[in-house]
Amino acid sequence: MRIHRSSSAFFAIETALLLSLNLSAAAQSGATQNATVTLDRGWQFRQVSTSSDPNTGWMPATVPGDVHLDLLANKKIPDPFYRDNESKVQSIQDESWEYRVIFNVTAAQFARSHVDLVFDGLDATANVYLNGAQVLFADNMFRAWRVVAKPNLHVGANLLRVVFASPIKAAAEVAALDPWQPKTQTAPKTYVRKAAYEYGWDWGPTFVTSGIWRPVRLEVWDKVRIADLAIRQRDVSREVAHVDAEVQIEAARSGHANLTLHYTDGTKPAALATKSFDLHAGLNAVTIPIEIRQPKLWYPVGYGDQPLYTFMAEVSASAKTGAADQREVKTGLRSIVLDRHPDKWGRSFQLVVNGIPVFAKGADVIPFDSFPNRVTTADYRRILESARDANMNMIRHWGGGYYETDEFYQICDELGILVWQDFMFGNDWQPGTYNFKLNIEAEAEDQVRRLRNHPSIVLWCGNNETEGAMGWAPRPALPADVRYQMWQDYLTEFSGILPSVVARLEPEVPYWPSSPSADYEALSDRYQSGDAHIWDVWHGRVPFSTYETHHARFVTEYGFQSFPEMNTVDAFTEPADRTSIFTPVMLAHQKNNEGNSIIHDYLLKDYPEPKDFASFLYVSQVLQAEGIKIGAEHFRRSRPETMGSIFWQLNDCWPVASWSSIDYYGRWKALQWYARRFYAPILVSPHVEDGSVKVYVVSDKTTPMPASLRVRLMDFNGRVLIEENHDLSIDPLASKVYLDWPLAKLAQAGASDTSRVFVVAELSVAGARLSRNLLYIAPTREIHLKPANLSITTSGTNGAYKIRVTSPVLARDVYLSLGAIDAKLSDNYFDILPGETIEITATTNATLAELKAQLKVVSLIDAFATPAQPTSVSAAR
């Protein structure tokens, strides 16, 4: 690996050239003596070359960022997401890149006792030079790096260079140093800690990038600084919360200090706690115990509010000089238990928050973009609010990406979304070298310290599928002594190092070794434990009904693919690419080897061939939504045997055919609309089992609820064959059958041809509908829908519109599209009963005339060759 060094002469030239990039303005942190200088402007980058001229080839760079985005901004590469451009930018990963900046240090700053250079993230193998001296070697994108910088600084202009080796070559060099690697066949890429998804996944492209991907700064201080503030929730109940404020203080020398802690829930004046103590040089741990009577507890969404307490610590080395440093954190007070008691099904797996067993409803979250620094606050909020709006109360933050920003978790805290947090180990077998183990221990300490104040994080998980990967080829064929060593290394890392870090830094939050895992218990049909990934649907090409044969205790992955809508496909294709799902560009945006064929094969099992490309996209979304609905409702009906339904996946990192319920641009697919219904707090779920139609009601509510249940057997023209109405008291936190219709009863009522009838179950309170669900007795392929002559009227003004849709017959999966208009709809992909009018609200900046011109409404039967009656659209007067 070549390290390009600047001579003193080169440094003088660079200084003269770059003084215009001076960063002398320091961002002072509050009124404290300590200060921060952000180093986020004036950066340049270039490809490392053999040129003897150190000033050739430099281009403007953005920090935080990465080399792909910098090349794109400088118009050196095409848009990597467009058509098949991914293949045209692969050489970037094989090159080395360097970044540089000139920054100014004032005399006052240099006079301070300590000046530290801090990198929050370097991706990934990097040598850092300060005024020509190497001050850091980094090999883990998930760690923060602090360098004592003052010995290599001076007053005035200073040169900072960061040289990134090719990630491919750097990893191969490290792997070559491990004598076990040829025996274990561990992938070289895993030897450098880097986001696994960068190397490609079966939903994501390959962009193995490099760069200063998190902020960089100087921190200047004299006597003391606060290195960390953690609020340890020792004992939390509705009556009292006993918490410890643990403050880590770095001292330059021994001496006396004072610590003041302010805390408030935002509605009362701040309370105060103080402590005086003696410091020793180096890191000091200081604890202030706090008792909060009648605390305001933080709850998951749907179970209560999400109040956040603010804690601020101030440290001073002298009463005369005031606070030297301060640190503020926000957290919610809650108790969290992973309950794993023995029961009749095996061993339970349920998260208990503030004493409430919570059925986890949600989806897995992958990185929001292939290039993390393109993700905005609006992106985070749009996707996470979409999760909440679809009645999700948990996301699983998947281990093949990167630990998210504080902002991401702050939004989860605010919204009440629980986070199952994987450590960043995705599928690949991990190295077992001693240096690797030390590296991941430091990584875990950095991340647990950074994230432990977020109440949304309720479980730390060691990895994604690495435990199961021991059984994947070629490992079963490896020699016994090699497999033994690999398993010892695995246990050391995922049942030794990582849980030890969590136990030391955040023991109140449970740790789980892998997803999926039974914590090494043996499983059988009669004994289930831990969490499960269910992939016989899709990978095994079995019917969707197979979901109902699974009785896992907690499901953390299951899914099925669909295509995004036409607007999204338009963004990365040309017209010639949209003639089939099997064109080269459509296949380039499908990362599962046989993905498009699998979607096509499943679709033809249930439906005719769609009549055109746009119809295929639409039907693929219906197919996905209907399939996941079968699994999600089964898991919810199985409560308390099953206590979690987390489907794969919520979001995308680029425009692609994938398992997501929300596409790259934030557009809801049919699955997201369905999820809002099948994850409703109270769900009515009719189901055929044991020769009967059984009507379940599943409640996430903590108290009984009175409700009215209406169940009808209807034909597609609206004729009611059977109807029953019952007043209920819905049991809390339970799943229960409230109505049982033997199938013989349906036949006696004239429903011998089940392909032309359906059951509709409705649950309401005081006339307001809580949940409605349709059940088709016949298999989907045998259902004979009638052409739906939809009638549509539109009305409204000033961006708030109403769209009313009526059908004389049953209309399935009615889909409203508005072309290029950006609008927020109140519902979509919904069913209309015969003779029923559904009113949808649309919020948009478009005019009513523009909305009418773009509005297109179709139902499922319109996607196939059998022509439907024309749809009429009119404006209400």
Side-chain angles (χ1 to χ4, degrees), residues 229-246 261-273 287-312 329-341 348-362 388 391-394 409-421 451-460 506-511 639-640 643-644 681-682 698-706 729-734:
L229 170 60
I231 307 304
R232 296 286 297 277
Q233 303 189 30
R234 304 291 189 184
D235 174 37
V236 176
S237 69
R238 293 178 178 85
E239 290 73 33
V240 64
H242 294 107
V243 302
D244 288 347
E246 290 189 352
L261 185 75
H262 307 266
Y263 60 96
T264 178
D265 64 5
T267 64
K268 301 176 183 177
L272 186 68
T287 300
I288 296 181
I290 303 168
E291 181 179 277
I292 303 175
R293 292 283 177 178
Q294 303 299 317
K296 294 184 176 180
L297 298 187
W298 183 96
Y299 286 90
V301 61
Y303 293 87
D305 296 328
Q306 293 79 44
L308 298 174
Y309 283 76
T310 300
F311 294 82
M312 186 180 73
V329 300
K330 289 186 177 182
T331 192
L333 302 181
R334 77 325 180 222
S335 66
I336 177 69
V337 173
L338 176 58
D339 176 22
R340 301 198 63 237
H341 67 271
S348 68
F349 194 104
Q350 60 180 0
L351 290 160
V352 181
V353 184
N354 298 331
I356 302 171
V358 174
F359 188 100
K361 304 177 297 186
R388 177 205 59 190
N391 292 308
M392 297 181 186
N393 58 29
M394 173 177 272
Y409 299 99
Q410 288 164 2
I411 296 173
C412 291
D413 295 343
E414 171 195 330
L415 298 178
I417 297 176
L418 304 176
V419 179
W420 170 306
Q421 180 63 53
L451 300 176
R452 59 182 169 172
N453 290 311
H454 291 287
S456 54
I457 297 178
V458 294
L459 184 143
W460 286 95
E506 196 180 23
E508 299 82 15
V509 172
Y511 173 86
R639 176 183 186 144
M643 285 298 290
I682 296 181
V698 184
S699 175
D700 293 335
K701 299 295 185 179
T702 58
T703 58
M705 175 173 285
S729 176
I730 302 172
D731 290 352
L733 301 174

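Just so it is clear, the model here is predicted, and its values are computed rather than measured.
- When all heavy atoms of E506 and R452 are compared, the pair lying nearest together is OE2-O, 2.9 Å.
- A donor-acceptor pair is defined here as one N or O able to donate and one able to accept, closer than 3.5 Å; no such pair exists between the side chain of T287 and the backbone of D244.
- Put simply, the side chain of Q350 never gets that close to the backbone of R340: no donor and acceptor are under 3.5 Å apart.
- Ring orientation note: the planes of Y263 and F311 are close to parallel, at an angle under 30° on the 30°/60° scale.
- The side-chain heavy atoms of D700 and R639, taken from C-beta on, include a pair separated by under 4.5 Å.
- Of all non-hydrogen atoms in Y303 and F359, the two that sit nearest each other are OH-N, 3.9 Å.
- Here OG1 of T264 is found 11.5 Å from CE of M312. Values are rounded to the nearest 0.5 Å.
- Contact between Q421 and I457 at its shortest, heavy atoms only, is CB-CG2, 4.0 Å.
- How far CD1 of I411 is from NE2 of H454: 11.0 Å, rounded to the nearest 0.5 Å.
- In this structure, the side chains of S456 and D413 come closer than 4.5 Å at one or more pairs of heavy atoms.
- Side-chain N or O atoms of E508 include none that pairs as donor or acceptor with a backbone N or O of R232 at under 3.5 Å.
- The 12-atom threshold is not exceeded at CG of D305, counting heavy atoms of other residues, nucleotides or ligands nearer than 6.0 Å.
- Of the options V509, L459, V458, a side chain to side chain contact (heavy atoms under 4.5 Å, CB included) to L338 is made by L459 and by none of the others.
- The shortest heavy-atom contact between S699 and D731 is CB-O, 3.4 Å.
- Side chain of N393 to backbone of K361: a donor-acceptor contact under 3.5 angstrom is found.
- In terms of heavy atoms, S335 sits closest to V236 at CB-O, 3.8 Å.
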